[in-house]
2 protein chains.
Amino acid sequence: MVKYQEIANELRNQIQEGVYKAGEQLALEREMCEQYGVSRITIKKAVDQLVKEGLVVKRRGSGTFVKSLANEDVHDISMANQFSGFSKVFEGHKVSTKVVRFDIIHPTAEVAEKLNITTDDFVYDIVRLRQVDGSPVVIEYTNMPIELIPGIKREVLEKSIYRYIEEQLHFKIQSAHRFIRALLPTPEEEELLQIEHGTMPILEVEQVAFLDDGRAFEYAKAHHRGDKQVFRVVSIR
Amino acid sequence: MVKYQEIANELRNQIQEGVYKAGEQLALEREMCEQYGVSRITIKKAVDQLVKEGLVVKRRGSGTFVKSLANEDVHDISMANQFSGFSKVFEGHKVSTKVVRFDIIHPTAEVAEKLNITTDDFVYDIVRLRQVDGSPVVIEYTNMPIELIPGIKREVLEKSIYRYIEEQLHFKIQSAHRFIRALLPTPEEEELLQIEHGTMPILEVEQVAFLDDGRAFEYAKAHHRGDKQVFRVVSIR
DNA sequence: GAGTGGTCTAGACCACCCC
DNA sequence: GGGTGGTCTAGACCACTCG
């Protein structure tokens, strides 16, 4: 662990434990330099991390201040803005997966463009129903180029494709570009998600995911039951 | 404009104009130092900006590479992750506002906690219907402490509260913490948004917005017609 | 005017990737 | 082993806030 992360963690803990309360001013950057025995740029990197997480604001000419956050929001704030696959989000719960479809097809023109391949290439065409603690939560429609992500078997789908990519293929996942919408479920989706007709919308998360060399490796649409998923973001000017 | 922003803009333009294509490697950081006549940290800050925007990836030991993005996504990428009020988003369109409610009340316990005030304080209680080019698009439910944001009149509501806060009160808006969900509209909302019953979901954006001194100044829920709004995010590991 | 964070320098060493 | 980006230093000056 590098210095600026350690300092960021320490400051985050102090805020979450109430050492610094809502609205209070943090120690000055030049003071923290002495306190931690590091240079000012290192302190800046640490505090900038907290700004990105949404815990504090910096004002040139004044100082750094803790945001007036509700108690509940102070504690799980560092989870916002974060990238993670489905299995990761529900760690600790009993997650099961039903593979609804598992084929190889030519991608549509739209998917081909998103993945930077041609419609002559091949992609997996995967549909999975995810259940958490026995209740259906989300349907995931996934396309991945077989050339980039070879060797996917049914047992991989039943666990985590991301874990397979990182642990078996030794790729690193870098980012995801997401579009979020509200939709109504199709009749098939109502059945899979156990929704009584007309009583529940779908939160759609469309995403293109990227490896750390910049290649797009996944085009996916996740259709979440409206009552089971909330998407969280901290937007800074 | 500072150096690192100018360099970031120049690099972004080069990528958008195809000087650097998908998958290609950018000049090395040490090369760019000479090219632009700046130090390495300045180059790093510029390139890190593009990483945050989702245009490139950096790999220690290898270099910096342009992401394999679809053409459409390369060009408006810098708009993602950004904070902006409603009026800003629809700049250039004919926006009209119908003030449905404009009262002053005590906040609910939930809202009071989010705004860091008590239920004995007062907040504006505002409901507005926003129309773009004549079509209803979103209903905004807004609470703001009257003490922090005094002097709001009906004509402010019909334009932009944010512009009033920045231009009249001379506050700066720093950030918004958002929760995004899918909902079904209430009968009243169906009427206001001209939705035929049961044919369209709502994309709810719940947010607490903050001034640059860290104070929460707004609790709002925006209920967007499902067909009129997409929320866009770039998530990085 | 005093004090804050923002930017920038010129250099060093480290962790990691690829040959 | 050679080259990449990541971190860090010790210092300087600038832009801004506030009394």
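Since the structure is predicted, the reported quantities are computational estimates derived from the model, not experimental observations. Quick note on labels: first sequence line is chain A, next is B, and so on, each numbered from 1.
Taking only side-chain nitrogens and oxygens, Thr42(A) never comes nearer than 4.0 Å to OP1 or OP2 of dT7(D). Contact check, Ser62(B) against dC17(C): no side-chain N or O comes under 4.0 Å of OP1 or OP2. Listed pair Arg59(B) / dC18(C) meets the phosphate criterion, a side-chain N or O lying under 4.0 Å from OP1 or OP2.
For the pair Lys67(A) and Phe210(B), the cation-pi criterion (under 6.0 Å, within 45° of the ring axis) is fulfilled. No cation-pi contact links Lys114(B) to Tyr219(B), judged by a cut-off of 6.0 Å to the six-membered ring centre and 45° from its axis.
Atom CD of Glu72(B) has more than 12 neighbouring heavy atoms from other residues, nucleotides or ligands inside a 6.0 Å radius.
At whole-Å resolution of the value, CG in Leu26(B) and C1' in dG5(D) are 13 Å apart. Counting to the nearest Å, the C1' atom of dC18(D) and the CZ atom of Phe65(A) are 11 Å from each other. If you take CD1 of Ile43(B) and P of dT4(D), they are 14 Å apart, rounded to a whole angstrom. Rounded to whole Å, atom C1' of dT7(C) lies 15 Å from atom CG of Asp48(B). When rounded to the nearest whole Å, the span between NZ of Lys58(A) and P of dC16(D) equals 16 Å. If you take CG of Leu28(B) and C1' of dG3(D), they are 8 Å apart, rounded to a whole angstrom. Taking atom CD of residue Gln49(B) and atom P of nucleotide dG6(C), one finds them 15 Å apart after rounding to whole Å. Atom CD of Gln5(B) and atom C1' of dA15(D) are 13 Å apart (whole Å).
Of the candidate nucleotides dC8(D), dT17(D), dC18(C), dT17(D) has the atom lying nearest to any side-chain atom of Lys172(B). Among dC18(D), dC8(C), dC8(D), the nucleotide with an atom closest to any side-chain atom of Tyr4(B) is dC8(C). The listed nucleotides are dC18(C), dG5(C), dT9(C); the one nearest the side chain of Lys3(B) is dT9(C). For Lys45(B), the listed nucleotide lying nearest its side chain is dT7(C); candidates were dT7(C), dT9(C), dG5(C). Among the nucleotides dG5(C), dG6(D), dC8(C), the one closest to the side chain of Lys44(B) is dG6(D).
Annotation: side chain of Pro150(A) is in contact with side chain of Leu169(A) (closest heavy-atom distance under 4.5 Å). Between Leu115(A) and Pro107(A), every side-chain heavy-atom pair lies at or beyond the 4.5 Å cut-off.
Between Gly63(B) and Gly61(A), it is Gly63(B) whose nearest contact on DNA chain D lies nearer the 5' terminus. Between Thr64(A) and Met1(B), the residue anchored closer to the 5' end of DNA chain C is Thr64(A), taking for each the nucleotide with the nearest heavy atom. Nearest-nucleotide positions on DNA chain D for Val2(A) and Gln25(B) put Gln25(B) closer to the 5' end.
In this structure, Val47(A) reaches neither bases nor backbone, as no heavy-atom distance under 4.0 Å exists between it and the strands shown.
Side-chain N/O atoms of Gln207(A) and Arg178(A) include a donor and acceptor closer than 3.5 Å. Using modelled atom types, one finds no donor on one side chain facing an acceptor on the other under 3.5 Å when comparing Tyr36(A) with Glu6(A).
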Please tabulate, one pair per line, each protein N/O and nucleotide N/O from nucleotides 11-14 of chain D that are separated by under 3.5 Å, including the distance.
none

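Salt-bridge formation is detected for the pair Arg237(B)/Glu166(A): a Lys NZ or Arg NE/NH1/NH2 atom is positioned less than 4.0 Å from an Asp or Glu carboxylate oxygen.
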